Each structure stands twice: as C-alpha cells, then as structure tokens.
Amino acid sequence: MDKKLIIFSDFDGTITERDVIITIMEKFAPSEWVEIKDKVLYKRTITLKDGVEKLFSLIDSNKKNEIINYVKQVTKIRSGFDEFLDFCKDNQTDFYVVSGGLDFFIEAVLEKHLSKLTILCNKGNFNSERIKIDYSYLPKNCSLCGTCGFCKIEIIEKYPRDKYTRVLIGDSLTDLSPSKVADIVFARSDLIKYLEEEKIPYIPFQTFYDVMDELVKRV
Ligand code: MG
C-alpha cells in the first residue's frame with residue numbers, strides 16, 4: 001500500500017512571515033516581554049510552556065478583540081500558502097497546523113483558509129484579568145523534550161510511519177524535536193541552525209511554492 005502524505009505545519013514564522021506572538025507582544029506587552037523571549041529561545045533557561053504562559057500573562061484579557069483586529073491587519077502570510085493548500089486538497093493530503101500559539105489569533109489570521117486545514121493548538125482563556133492558556137496538547141509521555149506546552153511529537157506519532165509520510169514544516173526551536181520524528185523536514189530561519197547542530201536532514205524553504213515543488217516530485 002502506498003503511504004499517505006500528511007502535512008504538519010508550524011504557524012508562527014512558518015505560515016506567517018513573522019512570528020505573530022512577537023507581533024502581539026511588541027504592540028500590547030510591557031517591555032519585560034523581551035527578556036522572557038530571550039530566556040526561552042536563546043538562553044533556554046525557561047521552558048517553552050512557562051515562557052508562552054508568562055508572555056500572555058503580561059496582557060489584559062480585555063485586549064482580546066483589539067489583538068484580533070491588529071493581527072488580522074498586520075500579519076502577512078507566506079507566499080504560496082493558498083496554492084499549497086489547493087495542492088494538498090487536490091492530492092487528498094490533510095494539512096494540520098500544529099502550533100504552540102493560541103486559537104484566537106491563529107483562527108483570526110487563517111479565517112479565509114479554515115475549510116482547507118485543521119488547526120491544533122492551545123486556547124486563550126480570557127476569564128481572568130490577564131490572558132491565560134487552556135492546554136489541550138500537553139506532552140503525556142514525550143521522551144524527546146517533555147517541557148513544552150504543546151507536544152508536536154505526540155501528534156505526529158499518531159500517524160505511523162508505515163502508513164504515512166509525515167512532513168514537518170517549521171522555523172524555530174519548537175520544531176526541532178518534532179523534526180527528529182518526521183519523515184521529511186522543511187526548515188527556514190533558526191530551525192536550520194538547530195538542525196545543522198544536531199545533524200538532522202532537512203530541506204530549506206523560503207515560500208510554500210518551494211515546499212510544493214519538492215513534494216510534487218514525491219507524490
Ligand atoms: Mg514558528
């Protein structure tokens with residue numbers, strides 16, 4: 001039996017040109033967000049889960065609608081995304097957005113595309129003064145890191161390698177561990193550096209046209 005192609009794509013900095021969490025922090029958070037971000041991404045002294053939680057706890061819940069309107073206005077989607085979703089549809093290939101970001105801004109940015117993809121992410125909780133996170137995909141038994149608030153590995157591993165060719169598309173530290181279990185990795189930006197360090201094979205990309213050209217050769 002032929003293996004079925006399945007796509008797992010990161011959102012921030014992958015589907016979008018810029019990281020939307022950073023876009024939100026720059027506009028809505030007090031300046032201490034920068035240090036939290038550096039501790040998560042570069043010094044690695046705060047886990048991803050604690051980091052994202054701390055970042056959103058800097059922002060008042062009543063900013064929700066303002067944030068949604070702002071991200072819709074300023075977020076640019078990476079070139080070729082529309083065409084790539086059509087390619088997936090034509091090939092009966094499921095496209096999953098796998099993101100440690102939050103539902104309210106991901107759905108806002110992707111509102112025109114919702115019928116062509118499935119979003120897996122955590123949820124913003126606006127019931128308290130500051131924004132909190134409701135977790136849906138915490139790692140249960142993850143051996144590779146186990147410290148994030150959204151386990152891409154356990155999602156990918158629900159689709160066994162003998163039945164599926166699992167494609168991961170990503171840009172950053174949060175995509176490093178899932179790159180170790182995926183069958184094909186498309187990488188850009190910081191992720192390339194991390195993959196080089198750990199000698200994990202990948203295909204570099206700039207646009208979704210690049211991803212599509214490469215996959216066309218394989219389907
Ligand atoms: Mg990203």
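Please read these numbers as outputs of a predicted model, since none were measured by experiment. In what follows, residues are counted from 1 in the order of the sequence shown. Any value given below was found using the heavy atoms of this structure, including those in side chains, with hydrogens, waters and symmetry copies removed. Numbering of ligands and ligand atoms starts at 1, following listing order.
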| Set of side-chain hydrogen bond (donor to acceptor under 3.5 Å, both in side chains) partners for Tyr209, sequence neighbours left out | Glu83

| request: For Tyr202 and Tyr194, test the side chains for any donor-to-acceptor distance below 3.5 angstrom and give the result as yes or no. | output: no

| note | Nearer than 2.8 Å to the Mg ion (ligand 1), the protein contributes N, O or S atoms numbering 3

| For the student: nearest non-hydrogen atoms of Ile22 and Lys37, plus distance | CD1-CD, 3.9 Å

| query | Can any side-chain N or O of Asp171 pair as donor or acceptor with the backbone N or O of Ser189 at less than 3.5 Å? | reply | no

| field | Whether Phe8 and Tyr159 hold their rings parallel, tilted or perpendicular, with breakpoints at 30° and 60° | value | tilted

| said: Between Ile7 and Cys88, is there a side-chain heavy-atom distance shorter than 4.5 Å? | reply: yes

